[in-house]
Each structure stands twice: as structure tokens, then as C-alpha cells.
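In what follows, residues are counted from 1 in the order of the sequence shown.
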Amino acid sequence: MGLRLHPRRPVTAVILVTALVTGYFLLPLDRLGPDQPGLSWTLFLLALTCIAVLILRQIRDVVLDLPDPRSGLVIAVLMAESVLVFAAAYYALAHEPGQLIGLSTRVDALYFTLVSVATVGYGDIAPLGQTARLVAIVQILYSVVFLTAAATALSRRVRVHAEEKTRKEHPERKERGG
């Protein structure tokens, strides 16, 4: 079945993203990291895998032109969730000395993740340890594969939805070929 949102309620997506961000700031992430490496890696990889599978399902629905206007909202929520998973990983890694220089708070971790996704790279936070660099590599690959595909599917869904709305509101344009 998958994650479904009400098609006419973008407020639902905003509420879900707000809940995810709130959870990011409230969850006991301090318990993860060097003290619990097995649990940390398991949660990280499980979360990324689940999000990737859900993103791929939404992309499939868009590519196959399945009539589900909710997929755009779901894709946006999943993209936000993947950013928060990487931010949580960086925050947990920051507790291990020598992994991430300049990152000490959850805001720092979220900032570093977004700067990395945007490929801005200000240089004020740097992954110096091998584990932090590995997570950065995974984030780059994940962003290129899944987030780029998700953003493309989202833009396609928005374009198709706008075209359908225009056709319904202005049926005479269809007859004229434009």
C-alpha cells in the first residue's frame, strides 16, 4: 500500500515534515554513535533503505502516470526525511573525536547536511575521520541517485498536474492544440 496523503491537503505534508523535524530535535540521538556502533549503523542503513524503497515506489507511480496526485506530497516528505536521517547520522558521528570538525549541535548537523545536498560546501564543517567521510560519500551517492530522481519525479508530477488543471479550466485550448 505505501504512504498516502490526502490529495488536496498539502497541509498534511507540512505537518508530517514538522513532526519529522521535531522528532529529529527530540529523539535521544546522543545514545547513538561510538557507544552503540552496531545499533547506529543498523538504524541508519534501515532508515535509508526504507526511504529509498518508498521513493522508488513514488517515482514508479509518476513514471507510469498513475493517477495519484498525492505522490508529489509524499516525495517531498520522503526527501525531507532522508535529509534528517543524514543529519542524525552526522550528529551521532560528531560524538566520536576526530570525525567531524566544527559540528557539535543538531542544528550544525542539519546545516552540514543541507549544505552538502546543495553542493555548496562552505568548508566550516569538515568530515575528517574515515567513518564521517564514508557517511559523506553515502550521502553524495544517495543524493545523486535517489534525491535527484525524486526531485525529477516531483517536478514532473507538478507539471502534469498543472497541465491537467489548465485543460479542465480551459478546454478550448485543447481544441486549438495549445
Side-chain angles (χ1 to χ4, degrees), residues 1-5 9-59 70-151 153-154:
M1 172 116 185
L3 180 64
R4 298 287 183 215
L5 301 175
R9 305 221 189 254
V11 156
T12 304
V14 171
I15 290 170
L16 281 173
V17 170
T18 302
L20 289 169
V21 171
T22 301
Y24 166 75
F25 282 101
L26 295 178
L27 286 172
L29 299 176
D30 297 332
R31 295 182 185 162
L32 299 175
D35 295 335
Q36 301 266 355
L39 177 63
S40 299
W41 281 106
T42 300
L43 290 175
F44 176 65
L45 295 174
L46 184 62
L48 286 184
T49 301
C50 288
I51 295 167
V53 167
L54 292 171
I55 285 174
L56 289 173
R57 289 181 69 188
Q58 294 302 315
I59 291 169
R70 299 174 285 213
S71 62
L73 296 175
V74 175
I75 290 170
V77 169
L78 292 170
M79 291 173 74
E81 188 173 6
S82 67
V83 166
L84 293 170
V85 168
F86 279 104
Y90 289 126
Y91 180 72
L93 272 174
H95 291 90
E96 187 174 332
Q99 288 296 326
L100 287 151
I101 304 304
L103 193 153
S104 58
T105 68
R106 291 175 198 238
V107 172
D108 291 342
L110 187 55
Y111 159 82
F112 178 70
T113 304
L114 289 171
V115 165
S116 297
V117 167
T119 67
V120 176
Y122 293 126
D124 53 342
I125 299 174
L128 297 180
Q130 295 301 297
T131 306
R133 288 180 177 186
L134 178 62
V135 172
I137 290 168
V138 170
Q139 181 186 0
I140 291 165
L141 295 173
Y142 193 90
S143 295
V144 167
V145 173
F146 295 104
L147 297 187
T148 301
L154 179 59

Assess whether side-chain contact (heavy atoms from CB on, under 4.5 Å) is satisfied between Ile125 and Tyr90, documenting all intermediate values. CA-CA 11 Å; Ile125 299 174; Tyr90 289 126; over 6 Å; no
Start with the C-alpha gap between Leu29 and His95, add the side-chain angles, then the distance that decides, and say whether side-chain contact (heavy atoms from CB on, under 4.5 Å) holds. CA-CA 10 Å; Leu29 299 176; His95 291 90; over 6 Å; no
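We find the CD1-OG1 distance between Ile15 and Thr22 to be 11.5 Å, quoted to the nearest 0.5 Å. In this structure, CD in Gln36 is found 9.5 Å from CG in Leu43, a value given to the nearest 0.5 Å. Rounding to the nearest 0.5 Å places CG of Leu45 at 10.5 Å from OG of Ser40. Atom-to-atom distance recorded for Leu147:CG and Leu78:CG is 10.0 Å, nearest 0.5 angstrom. To the nearest 0.5 Å, the span separating CG on Leu20 from OG on Ser82 amounts to 10.5 Å. For the atom pair Ile137 CD1 and Gln130 CD, the distance stands at 8.5 Å (nearest 0.5 Å).
At least one side-chain heavy atom of Tyr142 sits less than 4.5 Å from a side-chain heavy atom of Ile51. Between Glu81 and Leu84, every side-chain heavy-atom pair lies at or beyond the 4.5 Å cut-off. A heavy-atom distance below 4.5 Å is found between the side chains of Leu110 and Val83. In this structure, the side chains of Leu39 and Leu32 come closer than 4.5 Å at one or more pairs of heavy atoms. Counting heavy atoms from C-beta outward, Gln58 and Leu154 have side chains that stay 4.5 Å or more apart. Between Leu48 and Phe146 the shortest side-chain heavy-atom distance does not fall below 4.5 Å. Taking 4.5 Å as the limit, some side-chain heavy atom of Tyr91 sits within range of a side-chain heavy atom of Asp30. Residues Leu93 and Val135 meet the side-chain proximity criterion, which asks for heavy atoms closer than 4.5 Å.
Of all non-hydrogen atoms in Ala136 and Pro127, the two that sit nearest each other are CB-CG, 4.3 Å. Across all non-hydrogen atoms, the minimal contact from Asp108 to Gly102 is OD2-O, 3.8 Å. What you find for Ile59 and Ala153 is that their closest heavy atoms are CG1-CB, 3.9 Å. Across every non-hydrogen atom of Ile75 and Ala150, the tightest pair is CG2-O, 3.4 Å.
Judged purely by atom type and a 3.5 angstrom limit, Arg106 uses its side chain to pair as donor or acceptor with the backbone of Tyr24. Panel note: side chain Thr148, backbone Ser143; a donor-acceptor pair is recorded below 3.5 Å.
With sequence neighbours left out, Glu96 forms a side chain to side chain donor-acceptor pair (under 3.5 Å) with Gln99. Not counting sequence neighbours, Asp35 has no partner by the side chain to side chain donor-acceptor pair (under 3.5 Å) test. Evaluation of the ring-ring contact (aromatic ring centres under 6.0 Å, His included) rule for Phe44 yields Trp41, Phe86 as partners, not counting sequence neighbours.
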